[in-house]
Every structure is written in C-alpha cells, then in structure tokens.
Trainee: 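Below is one structure. I have some questions about it.
Small disclaimer: the values here were computed from a predicted structure and weren't measured.
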Amino acid sequence: MVENLRRILFVEDERDIAEVVADALSSEGYEVCVAANGRDALDLLRTGIPFDSIITDVSMPDGVSGIDVAHEAARLNPAARIIIASGHQLGHLPQIPERFQFIPKPYRLAGLLNAIG
C-alpha cells in the first residue's frame with residue numbers, strides 16, 4: 001500500500017454514478033470504498049476502517065439518510081472531511097451542520113477533488 005494513499009468512503013445509491021466517480025477517484029490515487037446506501041455506509045464506518053473523507057448523497061433508500069451517515073462518520077472519524085452532495089437546493093434540505101461541506105449535484109470531478117482537499 002502506498003504510504004500517502006488516502007481512503008474515501010463514497011456513498012451513492014445510483015450505481016452508475018457510484019462506479020464512474022469511484023473509478024475517477026481511484027485514478028487520482030485514492031482508495032475508494034463504495035456503499036450503495038446509508039445502512040451499508042454505517043456498517044463500513046463501524047468496522048473501524050479509518051477514512052480520510054466521506055462523501056455521501058443526502059437522499060438514500062432504506063431509512064438511513066446521508067445526513068445520518070455524516071453524523072455517524074463525524075463521531076467515528078472525527079478528523080475526516082465530510083462532504084454531503086445533493087441534487088436538491090441547499091434551502092430545500094434539512095439543516096446541514098457547518099462542520100460538513102455541501103456540494104451540489106451534478107458536480108464535476110475537479111469540484112469534488114477540491115472539496116476533498
């Protein structure tokens with residue numbers, strides 16, 4: 001494993017988007033774990049794997065929202081950068097804590113990489 005490899009948890013229920021973004025992030029040198037919904041994301045977070053960044057869509061199936069994932073990620077990985085994405089306008093979403101960064105969908109890879117830092 002590369003010493004400076006950064007690990008990202010990417011949470012996206014739209015399979016095509018998840019594959020394209022995960023491939024793009026991997027090609028930029030990131031190790032990417034993909035979760036198809038909030039429950040899978042929580043399971044991955046609770047394994048103790050340290051993630052440098054968590055990127056989650058707000059709207060998720062199965063009763064666990066991206067905001068739920070973000071709060072649990074902040075608790076379990078306090079140093080992680082947490083990015084919440086949505087195709088809805090920020091004003092139409094539940095309040096997102098200042099600690100979390102919001103990016104609108106659709107986003108470009110350059111914008112996502114900038115958010116990751």
Trainee: What distance separates Glu72 CD from Ile54 CD1, expressed to the nearest 0.5 Å?
Mentor: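 Separation between the atoms: 10.5 Å.
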Trainee: Drop me the distance from Leu109's CG to Glu28's CD, to the nearest 0.5 angstrom.
Mentor: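 The CG atom of Leu109 sits 5.5 Å away from the CD atom of Glu28.
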Trainee: Kindly work out whether a path of hydrophobic side-chain contacts (I/L/V/M/F/W/Y, heavy atoms less than 4.5 Å apart) joins Ile67 to Phe102.
Mentor: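 Cluster IDs for Ile67 and Phe102 match.
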Trainee: Can you check whether Ala115's main-chain N or O pairs, donor with acceptor, with Arg81's side chain at less than 3.5 Å?
Mentor: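 Yes.
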Trainee: Is Lys105 salt-bridged to Glu12, cutoff N-O under 4.0 Å?
Mentor: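 Counted as a salt bridge, because a side-chain N and a carboxylate O are separated by less than 4.0 Å.
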Trainee: Of the non-hydrogen atoms in Ser53 and Ala80, which two are nearest, and what is the gap between them?
Mentor: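 Heavy-atom minimum between the residues: N-CB, 4.5 Å.
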Trainee: Which atom pair, heavy atoms only, marks the closest approach of Tyr107 to Ala85?
Mentor: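 For Tyr107 versus Ala85, the nearest heavy atoms are CE2-CB, 3.9 Å.
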Trainee: Asn37 and Asp13: side-chain donor and acceptor closer than 3.5 Å?
Mentor: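 No, because no side-chain N or O of Asn37 sits under 3.5 Å from a partner of the opposite role on Asp13.
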Trainee: Is the backbone N or O of Ser65 less than 3.5 Å from a side-chain atom of Asp68, with the two atoms forming a donor-acceptor pair by type?
Mentor: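 It does hold such a pair.
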Trainee: Are side-chain heavy atoms of Val11 and Ile55 found at a separation under 4.5 Å?
Mentor: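 Val11 vs Ile55: side chains apart.
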Trainee: Test side chain to side chain contact (heavy atoms under 4.5 Å, CB included) on Leu25 and Leu113; report intermediate values, then the result.
Mentor: CA-CA 8 Å; Leu25 291 172; Leu113 290 171; 3.8 Å; yes
Trainee: Looking at Arg6 and Asp52, what are the two nearest heavy atoms and their distance?
Mentor: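 Smallest interatomic distance, heavy atoms only, reads CA-OD2, 3.2 Å.
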Trainee: Minimum heavy-atom separation for Ile8 to Phe51, with atom names?
Mentor: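 Looking at all heavy atoms of both residues, the closest pair is C-CD2, 3.7 Å.
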Trainee: Side chains of Ile49 and Thr47, heavy atoms from C-beta outward: is any pair under 4.5 Å?
Mentor: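 A side-chain contact under 4.5 Å exists here.
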Trainee: Any link between Val34 and Val20 through a network of hydrophobic side chains (Ile, Leu, Val, Met, Phe, Trp, Tyr) touching at under 4.5 Å?
Mentor: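 Val34 and Val20: separate clusters.
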Trainee: Contact between Leu45 and Leu9 at the side-chain level, heavy atoms closer than 4.5 Å - yes or no?
Mentor: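 Counting from C-beta outward, Leu45 and Leu9 do come under 4.5 Å.
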Trainee: Could you check if a side-chain atom of Arg46 sits within less than 4.5 angstrom of a side-chain atom of Leu76, using non-hydrogen atoms only?
Mentor: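 Contact flag for Arg46/Leu76 side chains = yes.
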Trainee: With a 4.5 Å heavy-atom cut-off, do Asp40 and Asp62 have their side chains touching?
Mentor: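 With C-beta onward as the side chain, the pair stays apart.
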Trainee: I would like to know whether Thr56 and Ile83 meet side chain to side chain contact (heavy atoms under 4.5 Å, CB included); could you show each step before the answer?
Mentor: CA-CA 6 Å; Thr56 183; Ile83 301 160; over 6 Å; no
Trainee: Any side-chain to backbone donor/acceptor pair from Arg7 onto Pro50? Under 3.5 Å, distance only.
Mentor: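 Yes.
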Trainee: How many angstroms lie between atom CG of Leu42 and atom NE2 of His71, to the nearest 0.5 angstrom?
Mentor: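 Reported to 0.5 Å precision, the distance equals 12.0 Å.
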Trainee: For a side chain to side chain contact (heavy atoms under 4.5 Å, CB included) check, start with the C-alpha distance between Val21 and Leu112, then their side-chain angles and the critical distance, and finish with the verdict.
Mentor: CA-CA 9 Å; Val21 174; Leu112 185 58; 3.7 Å; yes
Trainee: Minimum heavy-atom separation for Ile17 and Phe10, please, with both atom names.
Mentor: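 Answer, listing the atom of Ile17 first, then Phe10: O-CE2, 4.3 Å.
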Trainee: Quick check: closest heavy atoms across Ser86 and Val58, and the distance to 0.1 Å?
Mentor: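 Scanning both residues, the minimum pair turns out to be CB-CG2, 3.8 Å.
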